S.K.: 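Before I ask anything, here is the structure I am working with.
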Protein chains: 2
Amino acid sequence: MPRSSVKDVAAAAGVSLGTVSNVLNRPDRVSPATRARVEQAMADLGFVRNESARQLRAGTSRTLAYVLLDATNPFFTDVAAGIEERAEAADLSLFMCNSSNSAAREKGYLDHLAEQRVQGILVTPVDPESPTLDEVIQRGIPLVVVDRTRSRPGVCSVSVDDELGGRLAVEHLVDRGHQRVAYVGGPATIGQVRDRWVGAVGAWRETGLPEADLVQMATAALTVEEGRRAGERMLGLPTRRRPTAAFCANDLLALGLLQHLITSGRRVPEDLAIVGYDDIDFAAAAAVPLSSVRQPRQLLGARAAELLLDETANPAHQHERVVFTPELVARTSTLG
Amino acid sequence: MPRSSVKDVAAAAGVSLGTVSNVLNRPDRVSPATRARVEQAMADLGFVRNESARQLRAGTSRTLAYVLLDATNPFFTDVAAGIEERAEAADLSLFMCNSSNSAAREKGYLDHLAEQRVQGILVTPVDPESPTLDEVIQRGIPLVVVDRTRSRPGVCSVSVDDELGGRLAVEHLVDRGHQRVAYVGGPATIGQVRDRWVGAVGAWRETGLPEADLVQMATAALTVEEGRRAGERMLGLPTRRRPTAAFCANDLLALGLLQHLITSGRRVPEDLAIVGYDDIDFAAAAAVPLSSVRQPRQLLGARAAELLLDETANPAHQHERVVFTPELVARTSTLG
DNA sequence: ACGGTCCGTTGAAACCTTTCAATCTAGGAG
DNA sequence: CTCCTAGATTGAAAGGTTTCAACGGACCGT
């Protein structure tokens, strides 16, 4: 209830309003005696600084935001953990916003954050080329694209080479002797899904195997549930045409697929080898530990946060395009 | 760059500043012609309303926040999805903050949110009795406790009966013939861990089995990694003393435990039956589908959001304490 | 005792929006 | 032709903080 302001505190402590502000922002400039008095008054009145007013006057905010694609995917929350670590070190708060893969929601959040004049925004966008991002930048808000890149420059980005990841997965499977492989993923509107496919195709071509033997299995989303569905379809194929291995666009799909196979009495990797993508904790924890393309998730977030902080603090900031290298982690699901 | 304000827009459109504000807030009160002119000017200048100033004057904010315990646990992000659904319907933005089980971080976020004068806060607190929460309430910010309850009233809470959940798990295991059961969970500072234990003990006593045969296996955290460690310890026990079933305080532990057993060549449930808690998507997706105590996660969040919205909008708001009933979902990990 | 420093404190201006009473305009009624 | 009304527009005040130039007093050296 006691909606008290600096003015009230000043009155209670018998000092001027400017002094209260000094206690708040430059405690060293105020004598210990008065400082104590003011602090006492603040405690008595239950004073809470009004951040809106502070921000209005000071023009600067103490918060960062990460707009992510899917909060229920552990990959993104791990990235967020990396961001948060750096944010905390810089004494900034991090707000996470979940766009749930919806461009409209994403725009809503970005607008709101822009109005709120946050210090900076990290975003894993639905579409990295979308003008929505340009709007934010034009409004003068530092922005870093995470886990994607942008063809036009003018923005920092931190990503992992998804094409390379796709290559690694397919090369691994071919090394293990597979000659008919499925790529499970979709919808194609998702950039990661496309890039990993491109890498997979590239690697496949170099093997000289018939192009038709790298088969696409489209899914409606990158979820466990969709993975199960893909499993049903997979087992529905006649044995001759059935792939001996699957490369899934992310681990959620892979886990769903894995589950469906096991509960249908098939064996992994004997009946179907599986490679996932992201190497989330649940991949290693699956009862048939999942081979997966590992991305440096925490590092991804941390580096992105560093770039963002540099952009806000350093006038000579240069936009950077950081690309990390993925790594294949081979486990039982392909090694048997 | 064009850090433009209402004043600039007004000048550009040749109207007064109040009119611009009307366009923004009560478009119906302004004639179509001028409205068009103003909107054009806003577009030309790239005007973005300054939310801080708006909030300072209007005293009201358009955002809700959810401070959660562990963003990497799918349970909480599912709860968040339920909240968000309701928030979006009320045209409010939801910011998620991850306390990572740290009371200090939690306090940091709550303070920040209070300064920001958010419209309301939902929180799954590290400690629901903590005075930190009282501070927020005293500052006049509506707050709802999620997935926990509070002994003192004065606050809405939405939770699931964790004691009952503990009972259900143990009763199920006893029904299946187990006479020596482990409770895997910790640290005991976490309320859920304690409550589920209390329920487990209660159910155990009623069976008349020797009290010593319900054994506690303490873990350092509720993570997959800790689950694996618990598995090591479990297999380290002499066969005579080894439990035939384990009830884990959450699914992450259960999945880790499951994995360790399988990779050590044991069979689930023959060698050890396992019940988890939360029924996250990965539980059903585990290669040995996990029996688990299901909580209505989305509903939990949705109901909490409703209570919060009622508190902000309805002067006659009564604090409510909603307790949902959990449900045991039996799968292969206990049924064989 | 005097001038000069330095530290602590002050008060007013500025930040940008919303609100509301007051003013203006056009058009209809008498 | 005048008066009234309803609707559109205006202008100033208010909201809480930070900033900064200015001020006052204490202390030092001479």
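Residue numbering restarts at 1 for every chain, and letters A, B, ... go by the order of the sequence lines. Worth saying up front: this structure is predicted, and the values here are computed from it rather than measured.
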S.K.: I'd like to know if the side chain of Asn25(A) reaches the main chain of Ser21(A), judged simply by a donor and an acceptor atom lying under 3.5 Å from each other, with no hydrogens or angles considered.
M.R.: yes
S.K.: Tell me, which of residues 22-34 of chain A have any heavy atom that sits under 4.0 Å from an atom in DNA chain C?
M.R.: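 Asn22(A), Arg29(A), Val30(A), Ser31(A), Thr34(A), in order of number.
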S.K.: Gln116(B) CD to dT17(D) P: how many Å, rounded?
M.R.: 14 Å
S.K.: Please compare Val15(B) and Ala58(A) by the position of their nearest nucleotide in DNA chain D and report the one closer to 5'.
M.R.: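 Result of the comparison: Val15(B).
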S.K.: Rounding to an integer number of Å, can you tell me how far Leu56(A) CG sits from dG15(D) C1'?
M.R.: 9 Å
S.K.: Which residues satisfy the salt bridge (charged side-chain N to carboxylate O under 4.0 Å, His left out) test with Arg150(A), sequence neighbours excluded?
M.R.: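 Applying salt bridge (charged side-chain N to carboxylate O under 4.0 Å, His left out) to Arg150(A) gives Asp134(A).
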S.K.: Quick one about Asp147(B) and Gln192(B) (side-chain donor to acceptor, distance below 3.5 Å, no hydrogens or angles considered), yes or no?
M.R.: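 Yes, because at least one side-chain N or O of Gln192(B) sits under 3.5 Å from a partner of the opposite role on Asp147(B).
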S.K.: Not counting sequence neighbours, which residues clear salt bridge (charged side-chain N to carboxylate O under 4.0 Å, His left out) with Asp111(B)? List them please.
M.R.: Lys107(B), Arg139(B)
S.K.: Can you find a side chain N or O atom of Thr19(B) that sits less than 4.0 Å from OP1 or OP2 on dT10(D)?
M.R.: yes
S.K.: Report the residues that fulfil side chain to side chain donor-acceptor pair (under 3.5 Å) with Arg148(B), sequence neighbours left out, ordered by chain and then residue number.
M.R.: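 Side chain to side chain donor-acceptor pair (under 3.5 Å) check on Arg148(B) returns Asp195(B).
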S.K.: How would you list, by chain and number, every residue that makes a side-chain contact (heavy atoms from CB on, under 4.5 Å) with Ala302(A), sequence neighbours excluded?
M.R.: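 Ala302(A): side-chain contact (heavy atoms from CB on, under 4.5 Å) contacts with Arg86(A).
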S.K.: At what angle, to 10 degrees, do the two end axes of the helix from dA1(C)-dT30(D) to dG30(C)-dC1(D) meet, given five pairs define each axis?
M.R.: 40°
S.K.: In terms of relative ring orientation, are Phe95(B) and Phe95(A) parallel, tilted or perpendicular, with 30° and 60° separating the classes?
M.R.: parallel
S.K.: Considering all heavy atoms of both residues, which atom of Ser52(B) and which atom of Gln55(A) are nearest to each other, and what is their separation?
M.R.: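 Reported closest heavy-atom pair: OG-NE2, 3.2 Å.
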S.K.: Is there a side-chain polar atom (N or O) of Ser16(B) under 4.0 Å from OP1 or OP2 of dT10(D)?
M.R.: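 Answer yes for this pair, as a side-chain N or O of Ser16(B) is under 4.0 Å from OP1 or OP2.
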S.K.: Assign Ser21(B) to base, sugar-phosphate, or nothing according to its heavy-atom contacts below 4.0 angstrom with the strands shown.
M.R.: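 Base contact.
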S.K.: For a quick check under 3.5 Å, do Glu129(A) and Ser151(A) share a side-chain donor-acceptor pair by atom type?
M.R.: yes
S.K.: Between which nucleotides of DNA chain C, read 5' to 3', does contact with chain B run, using atoms under 4.0 Å from its heavy atoms?
M.R.: dC16(C) to dT19(C)
S.K.: Are there any protein N/O atoms within less than 3.5 Å of an N/O atom in nucleotides 22-27 of chain D, and if so, which ones and at what distance?
M.R.:
none

S.K.: Please classify the nucleic acid contact of Val20(A) as base, sugar-phosphate, or nothing, using heavy-atom distances under 4.0 Å.
M.R.: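 Result for Val20(A) = nothing.
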S.K.: Run the salt bridge (charged side-chain N to carboxylate O under 4.0 Å, His left out) test against Arg49(B) and tell me which residues pass, sequence neighbours left out.
M.R.: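 In terms of salt bridge (charged side-chain N to carboxylate O under 4.0 Å, His left out), with neighbours along the sequence ignored, Arg49(B) is linked to Glu115(A).
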S.K.: Go through the side-chain N and O atoms of Thr34(A) and Ser31(A) and say whether any donor and acceptor fall under 3.5 Å apart.
M.R.: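 Yes, side-chain donor-acceptor contact under 3.5 Å.
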S.K.: Can you name the atoms? Protein N/O to nucleotides 12-14 of chain D N/O, anything below 3.5 Å, with the distance.
M.R.:
| unit_1 | atom_1 | unit_2 | atom_2 | d |
| --- | --- | --- | --- | --- |
| dA14(D) | N3 | Arg57(B) | NH1 | 3.0 |

S.K.: Of all residues at least two apart in sequence or in a different chain, which pass the salt bridge (charged side-chain N to carboxylate O under 4.0 Å, His left out) check with Asp78(A)?
M.R.: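 Expected list: Arg297(A).
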S.K.: Is any side-chain N of the basic residue among Arg105(A) and Glu88(B) closer than 4.0 Å to the acidic one's carboxylate O?
M.R.: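 Here Arg105(A) pairs with Glu88(B) in a salt bridge, since their nearest N and O are under 4.0 Å apart.
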S.K.: Who pairs with Glu39(B) by side-chain contact (heavy atoms from CB on, under 4.5 Å), at least two apart in sequence or on another chain?
M.R.: Val23(B), Arg35(B), Met42(B)
S.K.: Check the distance between dT17(D)'s P and Glu51(A)'s CD and give it to me in whole angstrom.
M.R.: 11 Å
S.K.: Tell me if a side-chain donor or acceptor on Thr63(A) pairs with a main-chain N or O of Ser93(A) at a distance below 3.5 Å.
M.R.: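 Such a contact is absent between Thr63(A) side chain and Ser93(A) backbone.
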S.K.: Identify the two heavy atoms, one from Pro128(B) and one from Leu133(B), that lie closest to each other, and give their separation to 0.1 Å.
M.R.: O-CD1, 3.5 Å
